[in-house]
Number of protein chains: 2
Amino acid sequence: MGTLREFQARHDLSMEALCGRILDRHQATIRVKKPAVAVANLGRIIETTLDLANRKGFHSMSLRDLTERSGLSMGALYTYFDSKETLLLMILGQVTGVAEEVLQQAADVPADPAERLRWLLETHIYLTEVMHPWFVFAFMEAKAFPKTSRDMAVASELLTEGLIAGALLAGQETGQFVLEDATMTAALIKPLLQDWYIKRGKHRRRGLTPEDYVRQVIKFTERAVGRCCPLTGAG
Amino acid sequence: MGTLREFQARHDLSMEALCGRILDRHQATIRVKKPAVAVANLGRIIETTLDLANRKGFHSMSLRDLTERSGLSMGALYTYFDSKETLLLMILGQVTGVAEEVLQQAADVPADPAERLRWLLETHIYLTEVMHPWFVFAFMEAKAFPKTSRDMAVASELLTEGLIAGALLAGQETGQFVLEDATMTAALIKPLLQDWYIKRGKHRRRGLTPEDYVRQVIKFTERAVGRCCPLTGAG
DNA sequence: GACTATATAGTGAGCGCTCGCTCTTATTTT
DNA sequence: AAAATAAGAGCGAGCGCTCACTATATAGTC
């Protein structure tokens, strides 16, 4: 099992890197020309938005709140997005984009089903740990998305589930896992991953580190899907 | 394992019954005198609120939306609550109240730990099935609650977890369950219960009935906490 | 049982205010 | 000097909420 640090070394998920990608994607909307300026201000805007929206909801966050807390003026904000909704979509798009990319980075995904399952659980938990406010935002505001974006969020959810189901099926064939229904089992595993970011406060209050949580989720899951009385650790 | 029907026969969770209790609790605020009238209109108000709020968020739901869809006028609404926030609190209070009551109904709770765990899982799933929009509302709007109410929601969450942890500990002593940390394990079981109402659409689309889901969650959980290679079903 | 008096329930235009957003003006950078 | 960026007052719309009012149900009187 890898550590959070190792995960972070593999993926640059700094605010700067993330905003760089947002800038690329939304060149059409963002009217600021100089990348350095744009990335810096986007960072301030998105950081503040995540903070305010996760505290009281995106809709309840007014753009005047956002100007005060970000230090940018009303007019300045509107050179970075053309509507409040676009701001929402920038964040959502980045979350689903990064999730897809990280969880399907072919070079990283182990071939062995049991290892792959462990890797998926670990990677998902670390990813949501590092981008915590982003994932909370996507989860909480999902219902308010316009139709197409809500579909995007659903698709992203089903992607993870599908990857887990794939590992379970493969493991079933090798005899490493014993289970009836891979899709259903994957659907039961997914909420364990989401709980890490949705109830993060509770887990933190109990002194749980991301590494602890990864270990616990892997153990719980492997007992639920593993062979009865495994002879040795690796199988 | 009981059925949803049996659960419903034991508990009257009709809109009428729920609104009757809300009326009792909020006599101080509700200015309508005749209980029959009050209960009927509260029912319309809350039904509409749950529908609108779960679709686009409580804050985004305007009271004008509510007047149109409920058929009551602006002024009429304000004889049932004194602010939009009070309306929110009425719903939240009822959710936490009913949850506490149903899950701790002493006469129903089995003594045997394994049975008790099964009963808790089943009862929680059926409760959230019957009061689905109420629980979605409480979950989604929790962050927007005023401090005291947010604490109420957290307490309610920890109550369920505590009851599960209690059953796990007891089962550990009798040798029915094998686990390291009852609190942590309960924390991993809780999200399985919540998933039933948070992702209800997905489960429904897959043709899952509440009874199916109860069965799956019980099986998954029991494998994760049970003794290795149980000799017979009942132990 | 018809008629009034009174209490209760319901109405909806309008209040003060804040919202998302625009646009002219000012400042900074090149 | 010109271009790029930031500023923030102002716009119409829509918000939560109030209040002077009407409609309806009930009680009391003869």
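Only a predicted model underlies this, so the values are computations on that prediction, with no experimental measurement involved. Order of the sequence lines sets the chain letters (A, B, ...), proteins ahead of strands, with each chain counted from 1.
- One interatomic measurement links the two molecules: CG of A/L63 to C1' of D/dC11, which rounds to 15 Å at whole-angstrom precision.
- Using a 3.5 Å distance cut-off with no hydrogens or angles, the side chains of B/W134 and B/Q94 do not pair a donor with an acceptor.
- Using modelled atom types, one side-chain atom of A/Y126 and one backbone atom of A/G2 make a donor-acceptor pair closer than 3.5 Å.
- Residue pairs meeting the ring pair (Phe, Tyr, Trp, His ring centres under 6.0 Å) criterion with at least one member in residues 60-96 of chain B, sequence neighbours excluded: B/Y78-B/F81.
- Proximity of residues 17-43 of chain A to DNA chain D (heavy atom under 4.0 angstrom from any strand atom) is restricted to A/R31, A/V32, A/K33, A/K34, A/V37, A/N41.
- The environment of CD in B/E16 is sparse: at most 12 heavy-atom neighbours from other residues, nucleotides or ligands sit within 6.0 Å.
- With respect to B/R69 and B/D65, no salt bridge is recorded, no charged nitrogen being found less than 4.0 Å from a carboxylate O.
- A donor-acceptor pair under 3.5 Å is formed between the side chain of A/E6 and the backbone N or O of A/T3.
- Between the side chains of A/H203 and A/D212, no donor-acceptor pair of N or O atoms lies under 3.5 Å.
- Near DNA chain D, meaning a heavy atom under 4.0 Å away, the residues from residues 65-88 of chain A are A/L72, A/S73, A/M74, A/G75, A/A76, A/Y80.
- Separating the OG1 atom in A/T79 from the CD1 atom in A/I30 is a distance of 8.5 Å, to the nearest 0.5 Å.
- Panel note: side chain A/N54, backbone A/P133; a donor-acceptor pair is recorded below 3.5 Å.
- For the residue pair B/D51 / B/T48, no side-chain donor-acceptor distance below 3.5 Å is found, with atom types taken as modelled.
- Think of the region where chain A sits on DNA chain C: with heavy atoms and a 4.0 Å cut, that region ends 5' and 3' at C/dC19 to C/dT30.
- In this structure, CE in A/M140 is found 6.0 Å from CZ in B/F139, a value given to the nearest 0.5 Å.
- Within the structure, the ring pair (Phe, Tyr, Trp, His ring centres under 6.0 Å) test picks out the following pairs touching residues 53-77 of chain A (sequence neighbours left out): A/F58-A/F137.
- At a non-hydrogen distance threshold of 4.0 Å, nothing from residues 47-60 of chain B comes into contact with DNA chain D.
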